[in-house]
Protein chains: 2
Amino acid sequence: MEIVINIDDPTPVFTQLMEQIKTAVANNHLPEGTPLPSIRQLANDLEVNSKTVAKAYKLLERDNIIQSRGYRGSFVHPDAKSHCHIDLSQWTTEMLTDCIATLRAKGVTDSEIRVAFGSLMNSKF
Amino acid sequence: MEIVINIDDPTPVFTQLMEQIKTAVANNHLPEGTPLPSIRQLANDLEVNSKTVAKAYKLLERDNIIQSRGYRGSFVHPDAKSHCHIDLSQWTTEMLTDCIATLRAKGVTDSEIRVAFGSLMNSKF
DNA sequence: ATATGTACCATTACTACAGATGGTACATAT
DNA sequence: ATATGTACCATCTGTAGTAATGGTACATAT
């Protein structure tokens, strides 16, 4: 299992991490249950901040790609393969695309959409 | 017809303009067909930039509250009253609220929503 | 000439957020 | 002791958008 971080790549580090781990799971390079390097260990190896790795791990856990077991470490999720093709971000894009397209069709300005969106995201609900 | 701009109000000037004109139409202070002060004139009176007034007028025209007739000036839209209760911004808020709520319910991070939203708004489609 | 709406060009100040970094601390286990 | 994930605190840089300002110009009319 090799993870390579490309700093010249505009893609955020935590995203590169997620993608590579996800790909490794899909390609059977990381079978279900396989222990992953610890957050601190991986951060040290890749020379990135541990919070950055923690962020990637946290999102991967939310997507059911990996499992965190506290002091026991992190492992590939038992059903990782079936979940790693469920692209939540793609679904998010589709949802928003429809919504924005509808608004634009009604003549709502992009600026107005942005402002309304910003207000909604600020009011935590 | 009096329009007052409050600089201390965090509400943008062009928004204050829109609201007051809209309210005046709803309250019959500005009957359909009434000529509005010209963009430059109003900008001069209120001591704001003409582009700011133009922006308000443009949005009001999109909402069918007023009509611009080029060199002839701007007038209250013939069907202004029936349109001035159709709150496009409110409708926009409702659309986005639903969309965001759905995404959040699925566990999508606010940060992810923002990033996806930003990408979509940049790619002009 | 003068005035209308409109369409470009541009700049400035302000705000907000992402991404990443660093430090500290906790409970839990070996 | 050492290591695990995790949760706070914080700072910094870069980017991006809004709001508003200003200037110039155009076709169209009185």
Side-chain angles (χ1 to χ4, degrees), chain A residues 5-18 35-62 66-75 77 89 109-124, chain B residues 5-18 35-62 66-75 77 89 109-124:
Chain A
I5 298 300
N6 183 4
I7 317 179
D8 298 329
D9 192 331
T11 308
V13 174
F14 80 91
T15 305
Q16 294 186 42
L17 269 172
M18 290 180 66
L36 291 160
S38 79
I39 289 178
R40 291 179 179 81
Q41 182 61 49
L42 187 54
N44 204 52
D45 292 351
L46 300 177
E47 292 178 327
V48 295
N49 195 280
S50 61
K51 311 299 182 309
T52 305
V53 178
K55 182 178 181 180
Y57 273 30
K58 192 179 179 182
L59 289 171
L60 285 171
E61 187 177 22
R62 182 206 56 185
I66 74 175
Q67 262 186 344
S68 295
R69 299 189 196 159
Y71 62 90
R72 271 160 287 182
S74 304
F75 304 82
H77 190 282
S89 71
T109 299
D110 276 18
S111 182
E112 289 174 304
I113 298 178
R114 283 201 176 90
V115 171
F117 176 83
S119 301
L120 286 175
M121 294 301 284
N122 279 351
S123 64
K124 302 290 180 193
Chain B
I5 298 301
N6 183 4
I7 317 180
D8 298 329
D9 191 332
T11 308
V13 174
F14 79 91
T15 304
Q16 293 187 42
L17 269 171
M18 291 182 67
L36 291 160
S38 79
I39 289 177
R40 291 179 179 82
Q41 183 61 49
L42 187 54
N44 205 52
D45 292 350
L46 300 177
E47 292 177 326
V48 294
N49 195 279
S50 61
K51 311 299 182 307
T52 305
V53 178
K55 181 177 182 180
Y57 272 31
K58 193 179 180 183
L59 289 172
L60 285 172
E61 187 178 24
R62 182 207 56 184
I66 73 175
Q67 262 186 343
S68 295
R69 300 189 197 160
Y71 62 91
R72 271 162 287 182
S74 303
F75 304 82
H77 190 281
S89 71
T109 300
D110 276 19
S111 182
E112 290 174 302
I113 298 178
R114 282 202 176 91
V115 170
F117 177 83
S119 301
L120 286 175
M121 295 300 285
N122 279 351
S123 63
K124 302 290 179 191

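Everything quoted here is computed from the prediction, not taken from an experiment. Below, chains carry the letters A, B, ... as their sequence lines are ordered, and counting in each starts from 1.
- Rounded to whole angstrom, the span from the CG atom of A:N44 across to the P atom of D:dT4 amounts to 10 Å.
- For residues 40-62 of chain A, every residue pair satisfying the salt bridge (Lys or Arg N to Asp or Glu O under 4.0 Å) rule, not counting sequence neighbours, is listed here: A:R62-B:E112.
- The CD atom of B:Q41 sits 10 Å away from the P atom of C:dG5 (whole-angstrom rounding).
- Distances shorter than 4.0 Å separate none of the side-chain N or O atoms of A:K58 from OP1 or OP2 on D:dT6.
- In the set D:dG5, D:dT4, D:dA19, the nucleotide with an atom closest to the side chain of B:F14 is D:dA19.
- Taking atom CD1 of B:I39 as the reference point, atom P of D:dA20 lies 15 Å away to the nearest angstrom.
- In this structure, the side chain to side chain donor-acceptor pair (under 3.5 Å) partners of A:S89, at least two apart in sequence or on a different chain, are A:D87.
- Atom CD1 in A:I7 sits roughly 17 Å away from atom P in C:dG19 (whole-Å rounding).
- How far CG of A:L60 is from NE2 of A:H77: 12.0 Å, rounded to the nearest 0.5 Å.
- When rounded to the nearest whole Å, the span between CD of B:Q67 and P of C:dT4 equals 18 Å.
- Nearest heavy-atom pair, A:T11 versus A:Q16, reported as atom, atom and distance to 0.1 Å: O-NE2, 2.9 Å.
- Atom CG of A:L36 and atom P of D:dA3 are 19 Å apart (whole Å).
- Consecutive pairing runs in DNA chain C reach the stem threshold at C:1-30 with D:1-30, where a stem means at least three Watson-Crick or G-U wobble pairs with distances under 3.5 Å.
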Next item on the list: Go along nucleotides 21-30 of chain D 5' to 3' and tag each nucleotide: B for a protein heavy atom under 4.0 Å from its base, S when only backbone or sugar atoms are that close, - otherwise.
Entry: BBB-B--BS-
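- Contact record, A:L46 with A:L17: CD1-CD2, 3.7 Å, taken as the closest heavy-atom pair.
- Phosphate proximity of D:dA3 to A:S38: absent, as no side-chain N or O sits under 4.0 Å from OP1 or OP2.
- Residue contacts shown for B:E61 are limited to sugar-phosphate atoms, with no base heavy atom under 4.0 Å away.
- Two residues are said to be in side-chain contact when any heavy atoms from C-beta on lie closer than 4.5 Å; A:M121 and B:F117 fail this criterion.
- Side-chain N or O atoms of A:T52 include none that pairs as donor or acceptor with a backbone N or O of A:V48 at under 3.5 Å.
- B:S111 has no side-chain polar atom (N or O) that falls below the 4.0 Å cut-off from OP1 or OP2 of C:dC17.
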Protein-nucleic acid N or O pairs under 3.5 Å, nucleotides 10-16 of chain D:
none

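- The shortest distance between side-chain heavy atoms of B:F14 and B:V53 does not fall below 4.5 Å.
- Summarising the geometry of B:A43 relative to B:S50, their closest heavy-atom pair is CB-CA, 3.5 Å, with the distance given to 0.1 Å.
- The CZ-C1' distance, from A:F75 to D:dA3, rounds to 13 Å in whole Å.
- In this structure, A:S68 does not reach the D:dT4 phosphate: none of its side-chain N or O atoms is under 4.0 Å from OP1 or OP2.
- Rounded to an integer number of Å, the gap from A:L17 CG to C:dG19 P is 13 Å.
- Separation of atoms CD1 (B:I39) and CG (B:N49) is listed at 11.0 Å; rounding is to 0.5 Å.
- Here A:Y57 pairs with nothing under the ring pair (Phe, Tyr, Trp, His ring centres under 6.0 Å) rule; sequence neighbours left out.
- With contacts defined as side-chain heavy-atom distances shorter than 4.5 Å, the pair B:Q67/B:R69 qualifies.
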